[in-house]
There are 2 protein chains.
Amino acid sequence: MKYSIDHKSPVPLHVQVEELLRKLIIQDEYQNGRVLPNEVELAKLLAISRTTLRQAINKLVYEGLLVRRKRAGTKVNQSTVSSKSNNWLSFSQEMKLRGINIKNFELHVTWVFPDEMLANFFEIKTDRKVLKMERVRGKNDGPFVYFISYFHPRIGLTGDEDFKRPLYELLEQDYSTIASLSKEEISAHAADELIAEKLQIKSSEPVLFRKRFVFDQGERPIEYNLGYYKADSFVYTVESRR
Amino acid sequence: MKYSIDHKSPVPLHVQVEELLRKLIIQDEYQNGRVLPNEVELAKLLAISRTTLRQAINKLVYEGLLVRRKRAGTKVNQSTVSSKSNNWLSFSQEMKLRGINIKNFELHVTWVFPDEMLANFFEIKTDRKVLKMERVRGKNDGPFVYFISYFHPRIGLTGDEDFKRPLYELLEQDYSTIASLSKEEISAHAADELIAEKLQIKSSEPVLFRKRFVFDQGERPIEYNLGYYKADSFVYTVESRR
DNA sequence: TTTTACAATATGTACATACATTTGCACAAC
DNA sequence: GTTGTGCAAATGTATGTACATATTGTAAAA
């Protein structure tokens, strides 16, 4: 295993270490239950201070990936790993898997100025245009989801891409942008006029609303996605262990 | 405000500071959006080192209670109630963390015969009674969730337990039943008569519906839980990596 | 054989310190 | 006015050090 940390890299040491450990854990270098070398040793091995190492470990502990116990050492909590590192399919891939034939009812791409919040998330100025994609998708019997996506200008999308291809495949293959972390917020709302029209329901009818923040491997923001799902047409499933 | 930290207390300084900050935030000493004193000042004020202070702040940042930005300072982010999929806190614990005072509007316990589906999940016969708990909980300004829970008879609950205690703590400490895996399904619905009445909303208003299947360490079923959340009062957050 | 006591070990707590980086703001130059 | 430029203020990164505390394993005592 390559315990290589670049002291001259602009990316902080503790981040490098965090990534390294995460990789080792996921790639089963340190499988379930395995304890890693003690802090003093590991710090020496990586040629960093114990403080910095602890900083990295702390984050993984917060995430539940590692468990620390005095005298017993720091060990991998593999149960959480499996449930986290799996299922990451684009919408169309997921639907295909479930045997549902997806129809695009609407697909609209424009360039817009981000609002305060979006600019903040993308870490750009509000006068820098971003690509906005709206789409309404569903089955033969009608639409059931209305998506709005914003893409970070860094990616280099022109707006002329073939958005009928699975999105994350497109980003990965043509723009070497790999979606690797997503933070989602799910809630229920009453549909407003716009949503109701898009989903062909009455306004004030319930919708499942999903906000999705997508990051690349360096935890840099790449997409902000809003999804409005017709009630009863979509169930979100989560599996978690402790 | 009492900025008092006990340097002789056996409870670690950074924990004391964390608690103090949490309290100040919750009691609106530092309301939403307010920035707190800069780290160097605050450390001096509390008579602790900046390192220790940062340790405390870090935890609150991780929890999402605080947001740090260079030059702009550290500010309070008292957003809507949320639930993290991983770190497994009971409802009351989670609310306590957020500084929300939970009120029980209704708490009702009975023994019932399980329906087909439940019997199937619990792997028992339909003539074996199970404990059913219903509760309506919320804040001072009204209820925002209606829970229905069914517990596996194996656990040994009598129905006379103090259900005001955090549930998973009760199961663990008094019945050595450890909830360790949960599978959840989240969707949006329109409230029916019953739900509307419990949540004090109009029927057909949107609710977030969460089904939860809980298992113990041996992956044996222990609880089946239904939760109806008033729209906009609850946001479910999920973080996933690939 | 079981219990007790102790030492070794790994993490936990806490401090002081130094320099880097980002960014908000003010003021000067255009 | 707008643009640039630089200072200052805040967090971010990183190290070295010292001692505390919990727990495991082992050896001695009962």
Side-chain angles (χ1 to χ4, degrees), chain A residues 5-21 30 33-62 64-77 116 119-128 218-221, chain B residues 4-21 30 33-62 64-77:
Chain A
I5 297 296
D6 182 2
H7 282 252
K8 282 176 299 190
S9 158
V11 29
L13 289 184
H14 72 267
V15 174
Q16 287 186 55
V17 174
E18 187 197 324
E19 289 305 315
L20 176 64
L21 289 177
Y30 291 116
R34 272 289 299 281
V35 293
L36 31 136
N38 77 63
E39 296 177 353
V40 183
E41 293 246 327
L42 193 51
K44 198 180 287 175
L45 212 75
L46 298 172
I48 56 170
S49 72
R50 189 180 158 217
T51 320
T52 303
L53 174 61
R54 275 181 71 83
Q55 207 176 150
I57 294 179
N58 266 330
K59 226 181 155 195
L60 299 175
V61 169
Y62 280 146
L65 222 60
L66 293 177
V67 179
R68 281 202 277 221
R69 280 188 54 207
K70 285 186 188 178
R71 168 67 222 236
T74 303
K75 70 170 200 263
V76 176
N77 191 348
E116 194 70 26
N120 198 46
F121 169 59
F122 275 169
E123 296 163 0
I124 58 172
K125 297 250 166 68
T126 48
D127 60 0
R128 180 114 180 259
E219 303 221 0
R220 295 183 307 179
Chain B
S4 51
I5 297 295
D6 183 2
H7 282 253
K8 284 175 297 189
S9 158
V11 26
L13 287 185
H14 72 267
V15 174
Q16 287 185 52
V17 175
E18 188 196 324
E19 291 304 317
L20 176 64
L21 288 177
Y30 294 116
R34 273 291 299 278
V35 293
L36 31 136
N38 77 65
E39 295 178 353
V40 183
E41 291 251 326
L42 193 51
K44 198 179 288 175
L45 212 75
L46 298 172
I48 57 171
S49 73
R50 190 179 155 216
T51 321
T52 304
L53 174 61
R54 275 182 71 84
Q55 205 176 336
I57 293 180
N58 266 331
K59 233 184 151 191
L60 299 176
V61 167
Y62 181 78
L65 224 57
L66 293 178
V67 179
R68 283 203 275 222
R69 281 190 58 204
K70 285 186 190 176
R71 172 68 220 239
T74 303
K75 68 170 201 262
V76 176
N77 181 244

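In what follows, chains are A, B, ... by sequence order, proteins preceding strands, each numbered from 1.
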task: Check the pair A:N58 / A:R68 against side chain to side chain contact (heavy atoms under 4.5 Å, CB included), numbers first and verdict last.
output: CA-CA 9 Å; A:N58 266 330; A:R68 281 202 277 221; 2.4 Å; yes
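- Across all their heavy atoms, B:I5 and B:Q16 have their closest contact at CG2-OE1, 3.6 Å.
- At whole-Å resolution of the value, NZ in A:K44 and P in C:dT9 are 13 Å apart.
- Protein chain A contacts DNA chain D over a range whose 5' and 3' limits, counting nucleotides with an atom under 4.0 angstrom from a non-hydrogen atom, are D:dT13 to D:dT24.
- Atom pair B:L53:CG and C:dT17:P shows a separation of 17 Å (rounding to whole Å applied).
- For the residue pair B:L53 and B:A43, the shortest heavy atom distance occurs at CD2-N, 3.7 Å.
- For B:V67, the side chain to side chain contact (heavy atoms under 4.5 Å, CB included) partners two or more places apart in sequence, or in a different chain, are B:N77.
- Among the heavy atoms of the strands lying under 4.0 Å from A:R50 is at least one base atom, whether or not backbone atoms are also near.
- With sequence neighbours left out, A:R71 forms a side chain to side chain contact (heavy atoms under 4.5 Å, CB included) with no residue at all.
- The side chain of B:T51 places no N or O atom within less than 4.0 Å of a non-bridging phosphate oxygen (OP1 or OP2) of C:dA16.
- For the residue pair A:D6 and A:L13, the shortest heavy atom distance occurs at O-CD2, 4.0 Å.
- Looking at which nucleotide of DNA chain D each of B:V40 and B:P10 is closest to, the 5′-most match is held by B:V40.
- Across the interface with DNA chain D, nearest-nucleotide mapping of A:K70 and A:H14 shows A:H14 to be the residue nearer the 5′ end.
- Counting to the nearest Å, the C1' atom of C:dG24 and the CZ atom of B:R71 are 4 Å from each other.
- Here the P atom of nucleotide C:dT11 and the CD atom of A:Q55 are 17 Å apart, to the nearest Å.
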